[in-house]
Amino acid sequence: MAYWLVKSEPDSWSWDQQVKAGAKGTPWTGVRNHTAKANLIKMKKGDRAFFYHSNVGKEIVGIVEVAKEHYPDPTDKTETFVVVDFKAVEPLKTPVTLVQIKADKKLSEMALIKYSRLSVQPVTADEWKYVCKLGGA
DNA sequence: GCCAACGTTGGC
DNA sequence: GCCAACGTTGGC
C-alpha cells in the first residue's frame with residue numbers, strides 16, 4: 001500500500017465536509033496539474049492519504065482512503081484530468097502543523113516542503129508512521 | 001522550440 | 001496583501 005498527501009483549502013473543501021460526505025467517498029475534483037494527475041493515477045483502492053489544510057490552518061488534519069481509483073474529472077471540460085474518490089478514515093487527535101514539519105529533521109525531506117505547490121504528493125512509509133505518531137492516529 | 005509575460009498557488 | 005515559485009500561454 002502506498003501513502004499520499006492531498007491538499008485542500010478548507011474554504012473550498014474542508015475535512016469536516018469530507019467527514020460528513022460519509023463512507024461512500026467523494027470525488028477529489030479540481031486537480032489541474034500534470035504531476036498531481038500522475039500521482040492520482042498511481043493511487044490504488046485502499047491507499048491512504050493525509051488530508052492537509054492549505055492556507056487556512058496549514059496542518060494535516062486527518063486520514064482518507066482511496067474508495068475508487070481514477071476516472072475522468074467530471075468538472076474538467078477538456079477531459080484531460082482525473083479524480084479519485086476519497087472517504088474519511090479518522091481525524092488526527094492532534095493536527096500536525098507545517099511549522100512542526102519544517103522544524104522536524106525527520107520530516108525535512110517531505111514533498112510538502114520541497115514541492116510546496118504540488119497538491120497531490122507521495123509520502124514515504126517512514127514519514128507516514130512518524131506523522132501518525134505525532135498526530136495520535 | 002525558445003523565452004518573456006502572465007496567472008495561480010500558497011506561505012508569510 | 002505581498003511575493004516567490006513555478007506552470008502555462010503565445011509571439012516569434
Side-chain angles (χ1 to χ4, degrees):
Chain A
M1 156 154 79
Y3 299 105
W4 309 91
L5 181 146
V6 294
K7 295 201 246 183
S8 181
E9 296 195 26
D11 290 343
S12 50
W13 181 253
S14 71
W15 170 252
D16 284 347
Q17 285 172 287
Q18 184 73 58
V19 170
K20 279 177 194 152
K24 293 190 301 292
T26 47
W28 192 263
T29 56
V31 167
R32 295 292 182 271
N33 170 287
H34 292 287
T35 307
K37 176 193 173 185
N39 287 330
L40 287 177
I41 289 172
K42 285 180 203 156
M43 289 185 191
K44 299 290 180 200
K45 191 172 179 180
D47 279 1
R48 300 212 158 177
F50 288 130
F51 191 110
Y52 175 82
H53 277 170
S54 64
N55 243 314
V56 179
K58 283 170 284 183
E59 56 193 10
I60 296 170
V61 289
I63 293 170
V64 293
E65 182 177 313
V66 178
K68 188 177 177 188
E69 291 179 18
H70 68 93
Y71 58 97
D73 186 338
T75 69
D76 175 26
K77 287 180 200 130
T78 66
E79 298 180 356
T80 305
F81 294 97
V82 301
V83 295
V84 299
D85 284 3
F86 283 126
K87 62 179 180 188
V89 176
E90 67 171 318
L92 296 194
K93 288 198 194 85
T94 315
V96 177
T97 66
L98 182 64
V99 172
Q100 214 178 331
I101 290 165
K102 280 190 162 172
D104 198 314
K105 278 184 192 151
K106 288 199 181 68
L107 299 174
S108 62
E109 293 296 307
M110 278 190 79
L112 189 63
I113 296 166
K114 292 175 89 176
Y115 309 98
S116 63
R117 290 189 50 209
L118 183 59
S119 59
V120 180
Q121 1 178 303
V123 171
T124 69
D126 286 347
E127 288 162 354
W128 182 268
K129 281 182 207 149
Y130 188 67
V131 171
C132 284
K133 206 168 94 186
L134 290 179

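Because only heavy atoms are used, hydrogens play no part in the values below, and waters and symmetry mates are left out as well, while side chains stay in. Naming convention: chains lettered A, B, ... in sequence-line order (proteins, then strands); numbering from 1 in each chain.
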Chemist: DNA chain C: A:Asn33 or A:Asn55, which has the more 5' nearest nucleotide?
Modeler: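 Looking at DNA chain C, the more 5' nearest nucleotide goes with A:Asn55.
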
Chemist: Start at the 5' end of DNA chain C and walk down; is the nucleotide closest to A:His34 or to A:Ser116 reached first?
Modeler: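 So the residue in question is A:Ser116.
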
Chemist: Enumerate donor-acceptor pairs with a distance under 3.5 Å from any side-chain N or O in residues 91-101 of chain A to protein atoms, sequence neighbours excluded.
Modeler:
{"from": "A:Lys93", "atom 1": "NZ", "to": "A:Gly136", "atom 2": "O", "distance (Å)": "2.9"}
{"from": "A:Thr97", "atom 1": "OG1", "to": "A:Gln100", "atom 2": "N", "distance (Å)": "3.1"}
{"from": "A:Gln100", "atom 1": "OE1", "to": "A:Thr97", "atom 2": "N", "distance (Å)": "3.3"}

Chemist: Walk along DNA chain C from 5' to 3' and tell me the first and last nucleotide with an atom closer than 4.0 Å to a non-hydrogen atom of chain A.
Modeler: C:dA5 to C:dT8

Chemist: Which ring-ring contact (aromatic ring centres under 6.0 Å, His included) pairs, counting each pair once, include a residue from residues 56-79 of chain A, with sequence neighbours left out?
Modeler: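 Sorted pair list comes back empty.
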
Chemist: Report which part of the nucleic acid A:Lys114 touches: base, sugar-phosphate, or nothing (heavy-atom distance under 4.0 Å, all strands).
Modeler: nothing

Chemist: Using a distance-only test with no angle check, is there a side-chain donor-acceptor pair under 3.5 angstrom linking A:Thr75 and A:Arg32?
Modeler: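 Judged by distance alone, the side chains do pair up.
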
Chemist: Got a second to check how far A:Trp4's CH2 is from A:Lys42's NZ, nearest 0.5 Å?
Modeler: 5.5 Å

Chemist: Using a cut-off of 4.0 Å on non-hydrogen atoms, how would the nucleic acid contact of A:Tyr115 be classed: base, sugar-phosphate, or nothing?
Modeler: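 No contact at all - A:Tyr115 keeps every heavy atom at 4.0 Å or more from the nucleic acid.
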
Chemist: Does any part of the side chain of A:Pro27, heavy atoms only, come nearer than 4.5 Å to the side chain of A:Asp73, both counted from C-beta?
Modeler: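 SC-SC contact between A:Asp73 and A:Pro27 ruled out.
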
Chemist: Measure the acute angle between the ring planes of A:Phe50 and A:Trp128, then classify it against the limits of 30° and 60° as parallel, tilted or perpendicular.
Modeler: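 Rings of A:Phe50 and A:Trp128: parallel, under 30°.
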
